[in-house]
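What you are looking at is a predicted structure, and each value in this text was computed from that prediction instead of being measured. Order of the sequence lines fixes the chain letters, A, B, ..., with proteins taken first and strands second; residue numbering starts at 1 for each chain.
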Amino acid sequence: MKRCLLALALLAPVRPASAADADPPFTKEFIYLVCRHLYRWEMDETTAQRVGQAGKLVVWTRNLEMKLDDHDASRYREIYFPQLQLAVTLKKADYAVPELGQRVRNRDYRVQKVEREEQAPANAAAYTRQEFKYQDVTDYLFRTRAQRDYPDQALFERLRAALRSVQSPDDKPLVAGPQTVYIAPLSPVSNRLWVFWETRGWLIKFSSDADLDNPAYWELEKVGVRVYDLATHVVVSLDEVQGSHAYITRDWAARAVFNCIVFGQRLELTPPADSRAPLGVKEKPAQK
Amino acid sequence: MLARKRQTGWPWAGAALALGLAAGRGFAASPAVTLPAATNTAGYVCRLLINEVPFPGERGYRSEADTKTAMEALLFVLDGRLRRVPAPYRQAQVAATTAKDILDVITAGGVHGQFDGFYRDARGQPAMVSRVGARIDNLVRIAGQGQPGKFAHLLQHASTLATAYVAEKLTCTDPHAPVKAVRGIPATGSAYGWMADELRFNPGGNFLRIPDEQRGSLGGNRFFTLRKDPQ
C-alpha cells in the first residue's frame, strides 16, 4: 500500500504537462544570474561589444511548449539576447522516475543549452521584452565575476565518491600518488559541474536534469559524467576533426580550466599507497 | 526499409568476448530488457545508440518519444555515412573512413575517433571503453527495478532498432530526409553528423546545423546535414 501511495505521489504532476499558461516575466535578479553564467562560461571578448554601443541590454523571453511524457510537469522557457545573438533554453524539471523512486525537480529554471542565433526570431510577438541598463549589468558582472559558490559538505561527499568511480576515457592506467583536483564554482542557474583533475590532466563534466543536490542525480551519476583527457581530446578547431564529437576546442578547455583553477576549490587527494583506488581515505582541502 | 548487406555476427566474436568487451558482455542481466550481445553487430550498434542519448534524469532528456526519435536519427546518420554519401562528397570526407560496414563507420578514427569510446582494438575487433559499459550496465540495472518503464522502453527501442537494421527490416523514417535547405542554404537532405547540443560544438566545414524547426535538436544532440554545394 505504501508503495502504491509513493508511486501515486511521484506521478502526480504539480502542473499540467503542457506549459500553455505563461509564467510571469523573469525577475531582474534571475536574468542577471543567467548573464553571470553566460559571462563565466559562454561569452568571449567579442560577444558583448554591441551591447555597450546601445547602452542597454535587451532581453526577450517566452514560454516554450514541448511535447512531454504523460505526467511530466516540467516547464521550458527561452531567453533570447538579440544583441548577443544568444538563445538560452531553460528548463524547470518536474517529473517522476519510478524506477528510482525519485522525482526529478528543479527549484527554479536551469540553463539547458545556449545557442548562437544570428537571426532574431520571426515571431517577436511571442516574446516579452525587457531592458536593462548596460552599465548596471556590467557593474554587476564585474562585481560578481569572482563570486564562488561551492558544493556544500553533502554534495562534496557525493562528488568525492563519484570521483572515485570516474573511469578513464581511454582505459589508460591510473596515475599513482597524490592527486590534485579543482572543482569549479557551482552556477545557480545550471546543473552542470566541471572538475579539473590536474594530476591526470582530465576535465570532467558532471551534468544532470535534476538539481545536483537532488538524490535522483546521484542515483544516475555514473550516467552523467563525461571525461575529456586534455592531452588527447583537445583541438584548436573542430574543423580538424570534422564529424567527430570526441573533442573540445582549446578555447573551451582553457576557459574551463581557468574557471576550475582560478575560481575553483583545490583539493589534494591522497590514495592509500597499497591501493589501486585513485582516491582513498586521506584527503584534505588545500589552501589556495 | 533500408536495403543493405546482411550482417548477423562477427566471425571473431568469441575472441572479442574473451578480450572482455565492456558493456555487459552480451548480458541479459535485467528482467526488464535483454540487449543483443555486444559481440555481434546489432549489439554493438545498439550500445552506440544507447550511449548517445539521454535517459530520464539526464541533462537533455525531454521525453521518451524524443529520445527514441534521436536513436532513429543516429542510426540514419550511421547508415548515411555508410551507404548514402551524397555526391559530390566522398565517404572519407563525411565519415573519416572508407567503410565496408557499419562497424567501420562507428569505429573510424580509433578510441577518440568519430564516436568517442568506440574503436577497434589491437586485434582489429570492435571494442568500447569501460565507461560505456559501466553506463549501460547502470541503465539496465535501473530498468530492472520495478515495473518496466521508460528506461526499459528506451533500451528495448535501441535493441529493436539495431536488430531491425541488421536484418534489413527497419521501418522508421529518417527525420532529417526532408532537410533540403537550411535557412536558405541548399542542403543535401538527411543528417551526416551529430554533436552534443551546445554552443561550442559545431563540426564546421560543409556541415550545416539543422535548426530546431527542422528537428535538428533531438535527444540532447544537434544534427548536421551537408551543404549541397561544398565550399
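With a 4.5 Å cut-off on non-hydrogen atoms, A:Lys67 touches chain B through its backbone but not through its side chain. Only the backbone of B:Asn206 comes within less than 4.5 Å of a heavy atom of chain A; no side-chain atom from C-beta onward does.
Salt bridge annotation for A:Asp251-A:Arg255: present, with a cationic side-chain nitrogen under 4.0 angstrom from a carboxylate oxygen. Using a 4.0 Å cut-off between charged side-chain N and carboxylate O, A:Arg192 and B:Glu198 make a salt bridge. Classification of B:Arg84 and B:Asp79 as a salt-bridged pair holds, one side-chain N sitting under 4.0 Å from a carboxylate O.
Contact count against chain B (heavy-atom pairs under 4.5 Å) is highest for A:Glu117 among A:Glu117, A:Arg110, A:Glu240, A:Gln119. Taking A:Asp239, A:Leu86, A:Asn191 one by one and counting their heavy-atom pairs under 4.5 Å with chain B, the maximum is reached by A:Asp239.
A cation-pi arrangement, defined by a distance under 6.0 Å to the six-membered ring centre and an angle within 45 degrees of its axis, is present between A:Arg77 and A:Tyr109.
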